[in-house]
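Residue numbers count from 1 along this sequence. Computed from a prediction, not measured in an experiment: that's the story for all the values here. Heavy atoms only: backbone and side chains are in, while hydrogens, waters and symmetry mates are out.
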Amino acid sequence: MARVSKKTTRGRAAPKLAKVERGELLTLLDFVRYAVSRFVEAKLAFAHGTTDPVAEAAFIVCEALHLNPDQFEGFAHARVTIAEGKTILDLIHRRVTTRKPAAYLVNKVYMRGLPFYVDERVIVPRSFIGELLDSHFGGDGEVGSLIDDPTAVERVLDLCTGSGCLAILAAYHFPNAVVDAVDISKGALEVAARNVGEHGLDERITLHRGDLFAPLDDRKYDLIITNPPYVDAEGMAALPPECRAEPKLAFDGGVDGLDVVRRILRDAPDHLTPDGGLICEIGRGRELVDEAFPELPLLWLDTEDSEGEVFWISAADLG
C-alpha cells in the first residue's frame, strides 16, 4: 500500500496532535480518555471491530500493552511506563493522522473473543455471522435453531473468506466438519493461511483461490456461509477514509450492491446437500434483496447489533 502523505487525499492538512508532556498521562484510563478526546475531535469513523471511540481507545491501549481486552478493567488504574506511553501515543497519533482502521495498526482483530491477524490485504472482519453461529446453530432442541445437530455437519463452505475468520469460527462450532474457504484474492488467502495455521486448523480447513464456486467442482455442503461484497455504487462513493483503506474488492457489489449475491443465490442449489442451507450477510440491503427475490422465503436473522442484515434459506427453499 502506498505511503500515507502528510496531506490527505483531498488536500487538507493532516490533524496535528498537541505534545503530551511526561507525567501528564499516567494510567490506562488516562490514555483511554486522551484517545477518546482525540478521536472525537478528528471525527473518526468506527466500524472495524469496535463501534465507538471508547471501545477503540481501550482496544488500542490493550494491544500496545499486550493485554487481552478482557483484562482492561483489572488494570484500568495501573500506571503505564514512559516507553509504553510513547507506544500508545504513537498508535493514537497514527490512528488520527492516517485514518487507517486500528486493526491494521496493530495487525489484530477479535471475533467472538478469538484473535485474528489482519493487514491491508483483507477487509477488517466485522461480520454478524459469527454471533449467529452461536445463537442459531446450537442444536439440542433450542428454539430457533436452524441446524438440529452441529456435530452432524460434515462439510462447510465459506465464500469470500477474506482473513478466514468465519471459516475458523465454523470449524470450531462444527467440530466434525471439514471446511472449504474460497477467495479470489491471493493476498487475502495468504492472510487466511496464516490465521488457519495459528489456530491449528490446517487439517480441517482448505483454502481455494477462485471466483465463488468455480474452484469447487461439484462438491456439496451442509452449510454455506458468506459475507460477500454488497456495497452499492452510492455507498462506495460515500465510504469514510477508514473503509477506503480496505480492499475495494471486498466492498464493491455493483450498482445496486447485489451483483455477487445474485450469483451466489443462483449457484448455491448445486452445492448444497438436500438438508443444507445458506447464510448470507447483506448489510442494509434487505429491501433490495426482498424486491429482487420475492419468490424466496428468506428468513432474516437479528443479532445484538443488527436487524435484518443477514438471511438464511434452506436448500429445499432454494429449489
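- The existence of a salt bridge linking E307 and R286 is excluded, since no basic side-chain nitrogen approaches an acidic carboxylate oxygen closer than 4.0 Å.
- Taking the ring axis of Y221 as reference, the NZ or CZ atom of R219 does not stay both within 45° of it and closer than 6.0 Å to the ring centre.
- The closest side-chain heavy-atom distance from D290 to W300 is below 4.5 Å.
- Within the model, atoms OH of Y34 and CD1 of I88 stand 12.0 Å from one another, a figure rounded to the nearest 0.5 Å.
- Taken from CG in L189 to OG1 in T161, the straight-line distance is 7.5 Å, to the nearest 0.5 Å.
- The pair R262-D256 counts as a salt bridge, with a side-chain nitrogen and a carboxylate oxygen less than 4.0 angstrom apart.
- Atoms CZ and CG, from F293 and L298 in turn, are 8.5 Å apart once rounded to the nearest 0.5 Å.
- In this structure, a donor-acceptor pair under 3.5 Å is present between the side chains of E63 and Y110.
- Within the model, atoms CZ of F311 and CD of E281 stand 10.5 Å from one another, a figure rounded to the nearest 0.5 Å.
- Neither side chain, E56 nor H48, offers a donor N or O lying under 3.5 Å from an acceptor on the other.
- Counted by atom type alone, D305 and T303 present zero donor-acceptor pairs between their side chains at under 3.5 Å.
- To the nearest 0.5 Å, atoms CD (E190) and CG (D119) are separated by 9.0 Å.
- The residues D180 and R155 are annotated as salt-bridged, a charged nitrogen and a carboxylate oxygen being separated by less than 4.0 angstrom.
- Once rounded to the nearest 0.5 Å, the distance linking CG of L265 with CG of L258 reads 9.0 Å.
- Salt-bridge annotation for K220 and D270: absent, with no side-chain N of the basic residue lying under 4.0 Å from a carboxylate O of the acidic one.
- Using the six-membered ring where Trp is involved, F213 and H271 have ring planes that are parallel, under 30° apart on the 30 and 60° scheme.
- Heavy atoms of other residues, nucleotides or ligands lying less than 6.0 angstrom from CZ of R284 number 12 at most.
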